[in-house]
A.B. asks: 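Once you've had a glance at the structure underneath, I'll fire off some questions.
Counting convention: from 1, in listed order, for ligands and their atoms alike. Both backbone and side-chain heavy atoms feed into the values below; hydrogens, waters and symmetry mates do not.
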Amino acid sequence: MPEAAGWQAELEQLKAVSARIGSDPLLTQGAGGNTSLKVGGTLWIKASGTWLAHALEHDIMVPVEMAPLIAAVEAIDPAAEQAHQFTVAALNKSGLRPSIETTVHALMPQRVVLHVHCVDTIAYAVRSDCVEQVGPRLAGLNWAHVPYARPGLPLALAIAEHRGQRPDVLVLANHGLVVAAETVAGAEALLDDVKARLRIVPRAAPEPRLDRLAQRAAGTDYRVPQSEAAHAAATDPQSTGLAAKGSLYPDHVIFLGTGSVIAREGEGVSDVVARLGTSPVTILFPGEGILMRNDATPGADAMARCLADVLARVSEDAPVRVLTPEEHLQLTDWDAEKYRQDLARRAAAKKTA
Ligand SMILES: [Zn+2]
């Protein structure tokens, strides 16, 4: 069956591209981002909670039947958020659930779709003047700006509004980037192109005060982050000022909580915990760096680094739009996300065991 061999080879190509995208923290962080390939009526999509970085080591692609999923979106049926109901059981060897963002991929008519949390794109996507900023840079491409909507059915409906235009590039406000093409190579080339057009030189941040942070962490439930780059959110005053405004995108809320907790003058770890009445996943110590709770998952560490990378690309006077209290509530009270969080915790527990 040469035809079958053809799409299987394409799926292998997509996995290779996925692993490349997944290993670049400026494109994807933790379990964020997802890729897909359409083969006839079947959508091969990254499984929820899995990491693109592991695409070549683990079976992370799940087959989903597209027609009933698209019908559910069109009927504004909440079943559209339960994409696992539409998996092709006979082909789904891993038994995993498809990504929460499966509908994003199903709604794009192109065969190959790459969705990334590109930090350069996010630095524009958090601005209320995103269209004016991005428009000249993406001139000549068929792109669309999608106003913020919670991932899942709301985002699918927001994307569906643009179907007539058949865009190849979507800039998702307060979220990220989608590129689509008919081939894997075409999609990767388009991603490289958009990434280059939207590239922003990050502000250099002062070095973290690792000695001070080690003293602060001693005897507490906190540790330094896995990536030293994460400290920039607290060592660069402009970044800290921006972080104080609130949450900029969904994965921040899901992995790190609402907004950023910034220690006040003279406060240590225990003072911050006492003030809040709870232990936040991260604490920013201005001028010094950040600390992470000991039980923070690798995904949370990746998101802490992402915050620093995004903030370093936004100037303090930029018109930034943060997520509203209602948008936070929609993210924290969401079953699909609880599943993904549960997988992340189990994976982290397995690693330390
Ligand atoms: Zn996303």
A.B. asks: Go through the structure and list residues passing ring-ring contact (aromatic ring centres under 6.0 Å, His included) with W44, not counting sequence neighbours.
C.D. replies: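 W44 satisfies ring-ring contact (aromatic ring centres under 6.0 Å, His included) with W7 once adjacent residues are dropped.
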A.B. asks: How wide is the angle at the Zn ion (ligand 1) spanned by H115 NE2 and H175 NE2, rounded to 10 degrees?
C.D. replies: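 Vertex the Zn ion (ligand 1), arms to NE2 of H115 and NE2 of H175: 100°.
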A.B. asks: Would you say the Zn ion (ligand 1) has D251 as a near neighbour, meaning an N/O/S atom of that residue under 2.8 Å away?
C.D. replies: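 Within the cut-off used here (under 2.8 Å), D251 places no N, O or S atom near the Zn ion (ligand 1).
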A.B. asks: For the pair N174 (side chain) and R321 (backbone), establish whether a donor and an acceptor sit closer than 3.5 Å, ignoring hydrogens and angles.
C.D. replies: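 Side chain of N174 to backbone of R321: a pair is present.
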A.B. asks: Closest heavy-atom contact between I122 and G176?
C.D. replies: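 That closest heavy-atom pairing would be CG1-CA, 4.1 Å.
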A.B. asks: Do you know which N/O/S atom name in E101 is closest to the Zn ion (ligand 1)?
C.D. replies: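 Checking each N, O and S atom of E101, the shortest distance to the Zn ion (ligand 1) belongs to OE2.
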A.B. asks: Please check if the distance between the ring centroids of H175 and H115 is under 6.0 Å.
C.D. replies: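 Yes - the distance between ring centres of H175 and H115 falls below the 6.0 Å cut-off.
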A.B. asks: Among the N/O/S atoms of H117, which is closest to the Zn ion (ligand 1)? Give the atom name.
C.D. replies: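 Among the N, O or S atoms of H117, the one closest to the Zn ion (ligand 1) is NE2.
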